[in-house]
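Please read the structure below before turning to the comments.
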Amino acid sequence: MCKVLKKYICRMTLQERDNEVIWHPFTHQKNRKPPLPIVKGEGTILFDEEGKQYIDAISSWWVTLHGHAHKYIAEKLYQQAITLEQVIFAGFTHEPAVSLAERLLTILPNNFSKIFYSDNGSTSTEVAIKMSLQYWWNNNEKATDSFKRKKILAFNDAYHGDTFGAMSVSDRSVFTLAFHDKLFEVFFIDTPDETNIEELKSIISKEGESIAAFIYEPLVQGAGGIRMYEAKWMDELLKTVKLFDIICIADEVMTGFGRTGNLFASQYLTERPDIICLSKGLTGGTMALGVTACTDRIYQAYLSEDKLKTFFHGHSFTANPLACTAALASLDLLLQAECLHKISWISEENRRFSDILSTLNNRILIKNIRVLGTIIAFEIDKGKDEYLNEVATGFTQKALDMGVYIRPLGNTVYIMPPYCITKEELTKVYDTILTILGN
Ligand SMILES: *Cc1c(COP(=O)(O)O)cnc(C)c1O
């Protein structure tokens, strides 16, 4: 830091200091608007420096389940922090990691057998991709790279994270544009519906033998624009995929832990995944943690005398005891009848609001209203349907002025509130949307 800067720091506002030293995620830097300094969170409410309150209607990027600065989670974290804050996870273990794995295995939407920990959503999908590719490599007679199952199948408009593997299996979009020549080749198909299901099944039948794994966001594609598709067609597609022994990877980083009304979106499907990826709501939104769970079929491929068949992957903070403790505390809260009831209540309110939206006088302004559980989304029918659509910035500012935080993806407006949201707060969120839409 330069001396001049040091001298003036005490006179600068937090926004000015931020502007000097911080580069924010997913934020266009030139002429950037100063970020909003938040000093406190409580329940669904974020407080800024001036004490102005904002309802966090998108759960701070889809992570916060039980509200901000939750006392129960905080207390558990404090106790863990003064007991064991971190320990290497190769050759060592600890209670929070084991307890969390045991609890997850009882609630996950398949007969999973092992939990692999990492740091966030991107690492959880990165692990899943490596785990499934190496499954085929390990299952080869000789450990060579000449195995024939090399392709990964993924959906158009998918988003699985920002690291290179995760980017590769994500849609080629404005997010990945600068890196296209560095991303590995992936076999992309559309999400299934009644018009394309037969075509998709015949593509899989033709290519199936060469496909190692299929990665998908079950029923809701998040960052790709909160796009929803039906369980019925997905089950048909998955049936065909499974005929070819393709490893099915459900990326439930966003949909997990009640977001879609069920604990996991895969529960809407009869065809269940071999690998599931979790993060975001895993710790109730308190700390960064990723989980990749696999079935015994996958794990068995790594039980070999041959040391070359080891899964050589791990992160410094693998299974951080604090993060695991936060996840255990979040599960305590999530699985209480009261919270599950709140999830269905928000789902009902969302359906009621979607009816209101679809009967608006100026309905030409909006389109594609859709709901799944606590998630509701629609497009503002203005300009191109894309992430860089300018509608987003105006919408966010107007909502903030009214005390609600909503952050559209391009012209896609959505809400995904913490489960602790009150009736009064949810009504305020809906009213804010209606006001901005001009009703
Ligand atoms: C957010 C998200 C990711 C990436 O998670 P990060 O923790 O941001 O790395 C991956 N997959 C899905 C479906 C997501 O919504």
Side-chain angles (χ1 to χ4, degrees), residues 24-27 58-65 109 116-132 152-173 175-176 179 183 186 188 191 213-229 234 248-260 262-266 268-269 273 275-293 313 315 317-318 320 323 326-327 330 372-375 377 387 407-410 412 414-416:
H24 286 269
F26 280 94
T27 304
I58 64 153
S59 300
S60 279
W61 251 349
W62 320 346
V63 301
T64 309
L65 298 192
F116 192 96
Y117 288 110
S118 65
D119 297 346
N120 54 61
S122 302
T123 55
S124 76
T125 57
E126 200 81 36
V127 165
I129 295 160
K130 287 176 70 173
M131 200 181 259
S132 51
I152 306 255
L153 179 69
F155 281 139
N156 288 316
D157 299 310
Y159 178 79
H160 298 292
D162 289 347
T163 51
F164 268 88
M167 268 200 294
S168 291
V169 296
S170 299
D171 196 41
R172 300 292 178 268
S173 69
F175 298 169
T176 55
F179 313 104
L183 303 181
V186 168
F188 286 106
T191 51
F214 174 32
I215 185 165
Y216 55 92
E217 295 157 274
L219 305 194
V220 191
Q221 297 183 289
I226 319 286
R227 289 163 198 261
M228 299 185 186
Y229 59 96
M234 186 57 177
C248 292
I249 305 169
D251 177 355
E252 295 231 26
V253 168
M254 187 272 275
T255 52
F257 303 101
R259 274 293 160 215
T260 65
N262 274 339
L263 262 190
F264 299 96
S266 292
Y268 288 104
L269 298 157
I275 294 180
I276 190 168
C277 304
L278 307 166
S279 188
K280 294 205 165 109
L282 172 60
T283 62
T286 312
M287 297 194 62
L289 181 66
V291 153
T292 309
H313 188 107
H315 299 276
F317 287 98
T318 298
N320 173 257
S330 175
L372 189 65
T374 69
I375 310 166
Y387 185 76
R407 185 179 188 275
L409 290 155
T412 302
Y414 69 92
I415 67 163
M416 204 183 294

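Order of appearance sets the numbers: ligands from 1, and atoms from 1 within every ligand.
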**Validation row: Y159, M254 side chains within 4.5 angstrom (heavy atoms)** =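 No. Closest side-chain heavy atoms not under 4.5 Å.
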
**Request:** Can you sort out the partners of R227 under salt bridge (charged side-chain N to carboxylate O under 4.0 Å, His left out), two or more places apart, ordered by chain and number?
**Result:** D157

**Message:** I'd like to know whether F26 forms a ring-ring contact (aromatic ring centres under 6.0 Å, His included) with F175, so could you lay out the CA-CA distance, the side-chain angles of the two residues, the decisive distance to 0.1 Å, and finally the verdict.
**Reply:** CA-CA 9 Å; F26 280 94; F175 298 169; 5.1 Å; yes

**Prompt:** Is there a donor-acceptor contact under 3.5 Å linking the side chains of E252 and T255?
**Reply:** yes

**Prompt:** Could you give the distance from CG (N320) to OG (S118), rounded to the nearest 0.5 Å?
**Reply:**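 So the gap between those two atoms works out to 12.5 Å.
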
**Asked** If you take all heavy atoms of S279 and G121, which pair is closest and at what distance?
**Response** OG-N, 3.3 Å

**Request:** Could you pull out every protein residue that has a heavy atom closer than 4.0 Å to ligand 1, ordered by chain and then number?
**Result:**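 Within the 4.0 Å shell of ligand 1, which is judged on heavy atoms, sit W62, N120, G121, S122, Y159, H160, G161, E217, D251, V253, M254, K280.
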
